[in-house]
Amino acid sequence: MFERRPIASRNTKLAARVAKALVERGISPNHISQFSMVFAALAGMAFWLSGTANGVLYVVCLVGAAIGCQFRLLCNLFDGMVAVEGGRGAPDGPFWNEAPDRVADALILVGLGLATGHPGLGWAAAAAAIGTAYVRELGSTQGLGADFRGPMAKPQRMAVVTGAAILAIFAPTVLGWSVLHLALWIIVVGSVVTILRRSRRMIASLRSASKSNQ
């Protein structure tokens, strides 16, 4: 069974009720995972449109982007709950648990890059985000367990993106920087630091295990 990210909201009564309702309606965890890509696509599109929007449309786009990001996270929460607590896990569940997340990261971050007029930076943020997941999964395949440490794991990335979207409604620029542009840089730098931290932990663990077996 795949290892799950520790999420405090998973233990709330509201989350349990929603997960139970999803199970009772026969909704599979794989479908929930797939819908996370739909919400991510909507968020990415909303970010992209915000780059050329003005007035009310600009606000609507950024609110829509923030909502899309949060619904993406809710899908990530409930697919696991339906699969594990609801007993609806499928043999191909591990694939659908991971692959849509990588697509969702790219859709949101590239959309954010297009909004700022820096698509290359958006792609860099997407690549760095995917890199954090790659190192985590690489460690898992070596029997080291999933390393969910940050500072820019998926929940933190989505918090930065959502926060930037809301802040940009009221203050599009801070100290001469576009808020959305600054958010991308925070994600790129934070993701690189996350990759280095996870890599260092994995290398140390592999060396330690090798010495123990000698």
Side-chain angles (χ1 to χ4, degrees), residues 1-50 60-112 126 129-141 143-150 152-163 165-166 187:
M1 185 180 70
F2 60 86
E3 294 183 71
R4 293 200 289 174
R5 187 185 308 274
I7 303 174
S9 57
R10 185 183 294 129
N11 301 318
T12 64
K13 293 182 179 179
L14 177 59
R17 285 197 293 269
V18 173
K20 182 180 179 181
L22 292 171
V23 171
E24 291 174 346
R25 285 163 175 74
I27 299 175
S28 76
N30 290 355
H31 288 157
I32 298 173
S33 298
Q34 291 157 13
F35 261 99
S36 71
M37 293 186 288
V38 175
F39 288 120
L42 293 174
M45 181 66 71
F47 272 127
W48 185 9
L49 292 175
S50 75
V60 169
C61 286
L62 290 180
V63 170
I67 291 174
C69 291
Q70 291 306 300
F71 269 87
R72 176 259 174 117
L73 287 181
L74 287 175
C75 287
N76 295 159
L77 170 66
F78 290 120
D79 61 357
M81 293 187 70
V82 171
V84 178
E85 283 85 353
R88 293 291 308 279
D92 57 348
F95 172 84
W96 291 111
N97 183 61
E98 286 294 330
D101 267 346
R102 311 292 73 82
V103 175
D105 275 329
L107 288 170
I108 292 171
L109 295 174
V110 171
L112 187 55
I130 293 169
T132 65
Y134 171 78
V135 175
R136 168 171 55 79
E137 288 301 301
L138 181 60
S140 293
T141 63
L144 302 177
D147 188 351
F148 293 110
R149 75 183 65 192
M152 201 53 66
K154 178 176 64 181
Q156 288 75 45
R157 290 194 299 272
M158 290 302 98
V160 170
V161 171
T162 302
I166 299 302
I187 291 171

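Note that this is a predicted model, so its numbers are computed, not measured.
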Which heavy atom in V82 sits nearest to a heavy atom in P29, and how many Å separate them? CG1-CD, 3.8 Å
More than 12 heavy atoms of other residues, nucleotides or ligands under 6.0 Å from CZ of F148: yes or no? yes
Hey, could you give me the OG/CZ distance between S33 and F95, rounded to the nearest 0.5 Å? 10.5 Å
Any side-chain heavy atom of L73 within less than 4.5 Å of one from N76? yes
If you apply the rule side-chain contact (heavy atoms from CB on, under 4.5 Å), what do you find for K154 with D101, and how did you get there? CA-CA 9 Å; K154 178 176 64 181; D101 267 346; 2.8 Å; yes
Give the C-alpha distance, both sets of side-chain angles, the deciding distance and a yes or no for side-chain contact (heavy atoms from CB on, under 4.5 Å) between F47 and C69. CA-CA 11 Å; F47 272 127; C69 291; 4.2 Å; yes
Ignoring hydrogens and angles, write down the donor-acceptor pairs under 3.5 Å from the side chains of residues 21-28, residues two or more places apart or on other chains.
from, atom 1, to, atom 2, distance (Å)
R25, NH1, A21, O, 3.2
S28, OG, H31, N, 3.1
S28, OG, H31, ND1, 3.2

Could you grab the distance from atom CZ of F78 to atom CZ of F35, nearest 0.5 Å is fine? 15.0 Å
With side-chain contact (heavy atoms from CB on, under 4.5 Å) as the criterion, how do I108 and V161 come out once you've worked through the C-alpha distance, each side chain's angles and the decisive distance to 0.1 Å? CA-CA 9 Å; I108 292 171; V161 171; 4.0 Å; yes
Is E98 paired with R136 through a side-chain N to carboxylate O contact shorter than 4.0 Å? yes
Atom of L109, atom of A129 and distance for their closest heavy-atom approach: CD1-CB, 3.9 Å
Can you name the closest pair of heavy atoms from A66 and A165 and give their distance? CB-CB, 4.2 Å
Within the 4.5 Å heavy-atom criterion, are E85 and R10 side-chain neighbours or not? yes
Please give me the minimum heavy-atom distance between C75 and I32, naming the atom from each residue. O-CG2, 3.4 Å
Contact check, side chains of M45 and L49, non-hydrogen atoms, under 4.5 Å: yes
Pairwise side-chain contact, R5 with P155, heavy-atom cut-off 4.5 Å (strictly under): yes
In Å, rounded to the nearest 0.5 Å, how long is the span from NZ of K20 to NZ of K13? 13.0 Å
Going from CD1 on I7 to OG1 on T12, what distance comes out if it is rounded to the nearest 0.5 angstrom? 10.5 Å
Indicate yes or no: at least one non-hydrogen side-chain atom of R72 is less than 4.5 angstrom from one of D105. yes
Just so I know, are the side chains of F39 and I67 near enough to count as touching, which here means a heavy-atom distance under 4.5 Å? no
Are the side chains of S36 and D79 in contact, using a 4.5 Å heavy-atom criterion? no
Spacing of M152 atom CE and I187 atom CD1 [to the nearest 0.5 Å]: 6.5 Å
Output the distance between atom CG (L112) and atom CZ (R157), rounded to the nearest 0.5 Å. 13.0 Å
Are L14 and V18 packed together at the side-chain level, in the sense that at least one heavy-atom pair is separated by less than 4.5 angstrom? yes
